[in-house]
Amino acid sequence: MQEIYAELNDTEMLILAAPIYYHGISGQLKCVIDRFYSVLYPTAPATLKKVAMFLSSGDDNMYDGAKFSYDGDFLGYLGLEGMGIFTNHDKNVMSRIKDMASSL
């Protein structure tokens, strides 16, 4: 994590990616999010402004827990600008990702 913390000082955007396990993000990503708090709160590095989340699930009704974490942990608590949540069940997901990327 120390290597990741050092990189955050030059990072403009976080991309979070995880499979969905029982309505929520993976335990591994949850651990990373928990570790981010110590370095990002109460003030994230000045360069860090945005976050996006990429999720994959076998069922298109399994994303609520992950969306709650994204909204609460990153948008609400850390105050980052949300660039979207993209799932393998989204229609036109590749064009949505391209649109998001071109807006950066």
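Cluster membership check: F68 does not share its hydrophobic cluster with L29, using side-chain heavy-atom separations under 4.5 Å among Ile, Leu, Val, Met, Phe, Trp and Tyr.
Side-chain atoms of E12 and L104, non-hydrogen and from C-beta on, never get closer than 4.5 Å to each other. Counting heavy atoms from C-beta outward, M100 and M13 have side chains that approach closer than 4.5 Å. Residues M62 and L55 have side chains not in contact (no heavy-atom distance under 4.5 Å, counting atoms from C-beta outward). Side-chain contact between R35 and I4 is absent, with no heavy atoms from C-beta onward closer than 4.5 Å. By the 4.5 Å heavy-atom criterion applied to side chains, F36 and M1 are counted as neighbours.
A donor-acceptor contact shorter than 3.5 Å links the side chain of Y70 to the backbone of V51. Between the T47 side chain and the N9 main chain, a donor and an acceptor come within less than 3.5 Å of each other. Side-chain N or O atoms of N88 include one that pairs as donor or acceptor with a backbone N or O of S57 at under 3.5 Å. For the pair T87 (side chain) and D90 (backbone), a donor-acceptor distance under 3.5 Å is present.
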Worksheet item: Which is it for Y63 and I85 under the side-chain contact (heavy atoms from CB on, under 4.5 Å) test, yes or no, and what are the steps along the way?
Response: CA-CA 10 Å; Y63 297 110; I85 298 174; over 6 Å; no
Fill in: Worked verdict on D64 versus H23 for side-chain contact (heavy atoms from CB on, under 4.5 Å)
CA-CA 6 Å; D64 290 343; H23 301 279; 5.7 Å; no
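Applying the side-chain contact (heavy atoms from CB on, under 4.5 Å) test between L14 and each of V32, I33, L48 identifies L48 as the sole match.
When every heavy atom of M83 is checked against every heavy atom of S103, the shortest pair comes out as CE-OG, 3.4 Å. Among all heavy-atom pairs drawn from E81 and L75, the shortest one is C-CD2, 3.9 Å.
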